[in-house]
Engineer: 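Before we start, here is the structure in question, set down as structure tokens.
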Amino acid sequence: MSTAKKSDNELFHRYRNNPILSVNDWPYKANSVFNAAAAEVDGQILLLARVEDYRGISHLTTARSENGIDDWRIDTAPTLKPEPDKHPEEIWGIEDPRITWIDQMNQWAICYTAYSKGGPLVSMALTRDFKSFERLGPVMPPEDKDAALFPVQFNGLWAMLHRPVPISAMLGAHIWISYSPNLKHWGEHQEIIQAREGGWWDANKIGLCAPPMQTDEGWLILYHGVRTTASGSIYRLGLALLDLENPTKIIRRTDEWIFGPKAHYEREGDVDDVVFPCGWIKKDDKVLIYYGAADSRLCLATADFKDLLDFVLHCPVV
Ligand code: BMA
């Protein structure tokens, strides 16, 4: 059987004791814990989780574990809080981080959503230790979110994937790439992955999930598609592959979704039928995907790296 025929059940294995983290594990009062970025830091797995408080405002808090599965050590207070006095764009919270290690700067770069009065936008911060952070402020105006950096430069410029939303929803929300000489000023904007139309699972609105993963075959991209139905939206995941040298060029894209809400903890929560990863880690021959489930809790699924790559390489050439 061709690996291209695998269903999401075969590609991904949900951790049997999901959720791995929820408000029940949290050291302080919170409504929900979800949509975490992930990074391997000093041999441990670090999650930077979105935590929503009882006002409805989100902040970010780290949880660290040796095996990335259990025994999490969670900061006892918010790690990165909105600072609306200095950063008015953070007035309604900070959400959905993505972390990229920038070897050239010896720092982690965090792209996150700042919820401003003008709508959600992309902000950035740098850190070496996930204790102190240097905020770069807003890098994309509203409405824009689901952003992550590539870890390397292309022709001397940094590159970021992000998802601006046009004035009319009829025009669709697509994934764009932008370039910068200094991480602060961005240009050369270009739309690269389009939401499909009509009945497709990824019609009208898509967004990047985890940061691009470098492979020998290209940059592996995990993205979400939002299907609007009579009873709400369904958030599912697909893959694409971008050219290593020129990431504006898409090489492959999955036609079918590869992971979607099925387990009860993904189907029911503050927002039903959502799987929303902001981080993935390649460990040996496995890929660990950390995802928010139903905007309420944090879960883990693993896939064989080779299976993911085989699957996308058997998908249509774009
Ligand atoms: C998106 C983001 C995510 C959220 C998802 C489902 O627009 O706001 O944080 O998980 O909607 O509610």
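Each ligand, and each atom within it, is numbered from 1 in the order the structure gives.
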Engineer: Main chain of Gly269, side chain of Asp272: is a donor-acceptor contact present, judged purely on distance under 3.5 Å?
Structural biologist: yes

Engineer: Per the side chain to side chain contact (heavy atoms under 4.5 Å, CB included) rule, which among Arg227, Arg253, Glu197, Glu256 passes with Asp202?
Structural biologist: Arg253

Engineer: Which residue and atom name correspond to the protein heavy atom nearest atom 6 (C) of ligand 1, and how close is it?
Structural biologist: Asp295 OD2, 3.5 Å

Engineer: May I ask you to list the atoms of ligand 1 that are less than 4.0 angstrom from any heavy atom of Phe276?
Structural biologist: 3 (C), 10 (O)

Engineer: Would you mind checking which non-hydrogen protein atom is closest to atom 11 (O) of ligand 1, with the distance to 0.1 Å?
Structural biologist: Tyr235 OH, 3.1 Å

Engineer: Okay, side chain of Glu90, backbone of Ala114: is any donor-acceptor separation there less than 3.5 Å?
Structural biologist: no

Engineer: Can you pull out the closest protein heavy atom to atom 8 (O) of ligand 1? Residue, atom name and distance to 0.1 Å, please.
Structural biologist: Lys145 NZ, 3.3 Å

Engineer: Charged N to carboxylate O below 4.0 Å: is that the case for Glu83 and Arg135?
Structural biologist: yes

Engineer: Does ligand 1 have a heavy atom under 4.0 Å from the side chain of Thr113, from its backbone, from both, or from neither?
Structural biologist: neither

Engineer: Is there a polar contact between ligand 1 and Glu95, counting only N or O atoms under 3.5 Å apart?
Structural biologist: no

Engineer: Asn35 heavy atoms, cut-off 4.0 Å: which ligand 1 atoms fall inside?
Structural biologist: 3 (C), 4 (C), 9 (O), 10 (O)

Engineer: If we ignore hydrogens and angles and just use 3.5 Å, is the side chain of Trp72 paired with the main-chain N or O of Asp25 as donor and acceptor?
Structural biologist: no

Engineer: Val275 and side chain to side chain contact (heavy atoms under 4.5 Å, CB included): which single residue from Arg236, Glu266, Lys262, His224 fits?
Structural biologist: Glu266

Engineer: Could you check atom 3 (C) of ligand 1 against the protein and tell me its nearest heavy-atom contact, residue, atom and distance included?
Structural biologist: Asp96 OD2, 3.2 Å

